[in-house]
Amino acid sequence: MDKILEALVSSSHPLTVKRAIVKKVTEAAEKEVTEEQCQALYHLTTRLILLGEDAFQRQVGLQVQEAYARYHRDEFARFFSKEYVLGLLQQGYGSLDRRDPAILDFLHGSLRLLISCPAVLEMAPLLQTEVLRIICERPEPATCAKLATILTDFPQCVPREKAGVLFCQQLVRTFAYFHCPATEERELREYVTQVTRVSVLLQGIWKAEPATLLPSLQEVFAIISSTDPSFEPSIALASLVQHIPLQMITVLIKSLTTDQNVKDASMTQALCRMIDWLSWPLANHVDTWVIALLKGLAAVQKFTILIDVTLLKIEQVVPHIVPLVKSLKNDGLPNSKTFLLQFAELVHCMMYQYSGFPDLYDSILESIKELPKPNEEKIKFVLNQSAWTSQSNSFASGLLKITGKSETGKTGLVNLGNTCYMNSIIQILFMATDFRRHVMSLHLNGSNTLMKKLQLLFAFLAHTQRAAYSPRSFLEVSRPPWFTAGSQQDCSEYLRFLLDRLHEEEKTLSALQVTSSKPEPATTSAETLQAATSQPVADMPTHPAPVAAKGDGRTLVERMFGGRLSTTIRCLQCHSLSEKEEPFTDLSLAFCPSMSKCHGPTDEHKSSSSVGPCQGAVNGGSESSEGSVKEGAGTGMERPVVEPTLSVPDLVDYFLAPEILENENCYFCERCASLQRAKKVMQVVMAPEYLILTLLRFSYDATCHVRRKILDNVGIPLHMSLPLRQHGISASSSFSTAATSSSSDSPDSGENLAKKLKPSQKEDGMTENRRNSETNDSDSEMLSVPYVLSSVVVHSGMSSESGHYYSYGRNASSTDGYVAHPCPKDLESSSLSESSTATQEEMGCAGNKSMDWFLFNDSRVSFTNFESLQNVTSRFPKDTAYVLIYRKQEVSGQPGNSGPVVNGSRLSGEPPLQKELMDAITKDNKLFLQEQELNARARALQATSASCSFRPNGSDDNEPPGSCGPSGGGGGGGFNTISRLVF
């Protein structure tokens, strides 16, 4: 019979003929057949089932085998012996591998033919062992699903007792490898069906053997709490949650949250993955378990975990907020409307508490703009309820461990404990392209100099493989002596101190070279520099000063950021002039009292004493110093009319506006030898390559004895102009005669680089040019010097004593397509705000490129655009521009000024990385890779040694805190807790 059947299926006869003959063969099964014939037919039909060339041959095999097994069951039982089954499961069949799902299909079909036969019970112990072995080999979802079907139909083949516990644990572990590469809907549905079959099998085992449930759940937690970066468990584990009895929530959560062996890092990882499970299509009850775990952690005051999880998942949650709001608006249900109002309130609280993410919040604000916005008192009230307070405050440290470098290619800076003031300044200096290139081109010796530390820091920012670099060594050498470690500081004050230190280092070396007897100055040691100065200069550069542009001997800081400001006072009685020129590195722009009157009177605006062009600390610095910032109301100054909407050019206009000195602020005229009314005019006589502007947003309220923040929204143009007075004599020549004065190391000193570089024509640093009434400066042509915005530091917070700094930056060059022309003579001291605004609209396309701007927020770097920067204060009222850097542009009809010259050549591209810097970066990159490998190995060892208890892998996160100010992550609000989040 077997010979006939074999010849038939391989013949060329029509299918109708073949089917008719097969029907005769199956009907013959009812007759007496010898055991030898049965065995031959069973072997033939098995070969057809497993190795058939087409569907017809496999179908014939199934039909004939089922017919003969029904009427000759004993013969089939002897054919389907334990040895035969063991061979199939361990060696496969012919060309079929033992893991082929067809083997399990054949096994399942054969067992069904013997369902009431004692042979099945005899084979059960063998199958129990084999299914455990198969599961330990981590089979594919399809194989697991077929095995689950077999065990569901034949529960006697499920491992028992200890083997049953081990089987459940290994099945859970196999679940973790159920990754789905499919993209088509049919494949996805098939994958979900396979996962469901396996989860139903586990559910049945847990019901039949309750002792297997807890070890299985322990295994689930061990998997999802693993901190091994090389292994990411499958989201399919979420399908198991629906089968866990809800009455076990209280016991399990309490056991989990109070277990001392569970490390915070492991719990954080587990909770993050459970949140990811919410996207599983059949994730029933996952939300219930997540909420229960959150409440359990809050009950035992493990707020650090809650905060870390929230910060880690905020970027995954944010994209779903807008669709959720739209869905709630459209369904029209009463409870949806109530929930939407509560949800919008919490969203506003989140944005208030964790500022500094305008790129994430813009679309959310747009979606909820029609809903009521809570006032500040309501927000504070909500934030003080059910607050999560963390003493470790590990903001963003966890992000660095599980994420790679930003898609922007830029490197973040690790917050070392309220060091956002330094991080924001370093990033904007790094984005000052010409300054960065000149720093990187310097050939420096000695590792203890400030310039060397800055060069090394810039090199790491450009070439490290780390997502964020830790600037600890630079912080130690650049922090002002009066800055308290770990406390909030003023970024503007830090910037001035840093530039001053860099300038003094280079200037001291230049002085040593002049007095040196050697024809060619050799490398000077730090000890020689220290002995040659009146103050410790352990950080002085140990290299020859770079050749300055035009041979004027200016330092790098002077060439990049240095400008000159002329202050002229004309006596209105005798018309004599007193003129003083002084250098500056930044202009501090005060708000006109009428601009900020809603914030109350302030000494900064009402004081009759002048304020210097470089003052204005947020905290820790001087509140006033001699100089040229305008006085408040009542001084009779001639200032431009301020419109309700302010812009940076408006503040520049106010800074340069003529001022009448009268009443209590009269001028002492030496010619008249008495106090006289006078007119004071300030004019820029030399424009810096990079113009630094500081907006004086912090003023002292004498009534309340507190420093308040001016929250006025100031428009930031992409392009602006700075009026420059042209002299017959070059103003830049006076830089070489600048006198040296000692650095200030007192927090009460308002001196800065502009004050230290006063010309030394007289002892008091002032040159007085006496002229008659006919002599004036009308022959000085006013030139409009164009600038393009390079970077902005934003302060987020409600006061100077708290908050957070983050910055916007772009690679601005000196040729961004903006062309300016000389100003009319009658314009005198205007910053061309209208022209700037128009030009911004016409030529601002470069600044609106989606990939042109970067947002630097400590460790986090992301793409943004100019529109986001322009709208940041209108959308987030406590986020205000504080320090701005503009890059000077080439002027039509004048020689190109694309950057100073170093060693006789202009820097038009990134300089090659010096060998010393390259070696340091290569060494650190190798160290970083080794750290990653060691961490992976350590976590893998912990994973293999984990026992069946709630002891997941990982270690506590003891990284330095990354938040700023007393309110953590984004600061602001003046709260006294370390870090809070509403739940």
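Just so you know, these numbers use all the heavy atoms, side chains as well, and skip hydrogens, waters and symmetry mates. Treat the numbers as computed from the prediction; the structure is a model and nothing was measured.
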Heavy-atom closest pair, residues K378 and E345: CE-OE2, 3.1 Å
Check: K373 side chain, H348 main-chain N or O, donor-acceptor pair, under 3.5 Å: no
Check: T268/D308 side-chain N/O donor and acceptor closer than 3.5 Å: no
E140 side chain near R99 side chain, heavy-atom distance below 4.5 Å: no
Under 3.5 Å: donor-acceptor pair, side chain of N865, backbone of S868: yes
Flag if over 12 foreign heavy atoms under 6.0 Å of CD, Q260: no
Reference residue C157; test side chain to side chain contact (heavy atoms under 4.5 Å, CB included); the match among L147, V131, L127, I150: L127
Minimum heavy-atom distance A236-F175, with the two atoms named: O-CE2, 3.6 Å
Donor-acceptor contact present, side-chain N415 to main-chain N418, <3.5 Å: yes
Side chain to side chain, V262 and F221, heavy atoms closer than 4.5 Å: yes
Donor + acceptor pair across side chains of W206, S216 (<3.5 Å): yes
Check: K254 main-chain N/O paired with T258 side-chain donor or acceptor under 3.5 Å: yes
Value rounded to 0.5 Å, distance of NE2 in H795 from CD in Q488: 6.0 Å
Taking every non-hydrogen atom, the tightest pair across T408 and V861: OG1-CG1, 3.4 Å
Donor-acceptor under 3.5 Å (S226 side chain, A222 main chain): no
Whether Y361 and F876 hold their rings parallel, tilted or perpendicular, with breakpoints at 30° and 60°: tilted
E366/R875 ion pair, N-O < 4.0 Å: yes
Q170 backbone acceptor or donor facing T174 side chain under 3.5 Å: yes
Side-chain donor or acceptor of T419 paired with backbone N/O of L416 under 3.5 Å: yes
Output field: ring centroids F856/Y805 closer than 6.0 Å: no
Heavy-atom donor-acceptor pair, Q242 side chain to S239 backbone, under 3.5 Å: yes
E867 backbone acceptor or donor facing N871 side chain under 3.5 Å: yes
Backbone N/O of A148 and side chain of R197: donor-acceptor pair under 3.5 Å: no
Pairwise side-chain contact, D153 with T149, heavy-atom cut-off 4.5 Å (strictly under): yes
Ring center gap for F854 and F863 short of 6.0 angstrom: yes
Close side-chain approach of W289 and I244, heavy atoms under 4.5 Å: yes
Y177 and F231 aromatic ring geometry - parallel, tilted or perpendicular at 30°/60° bounds: tilted
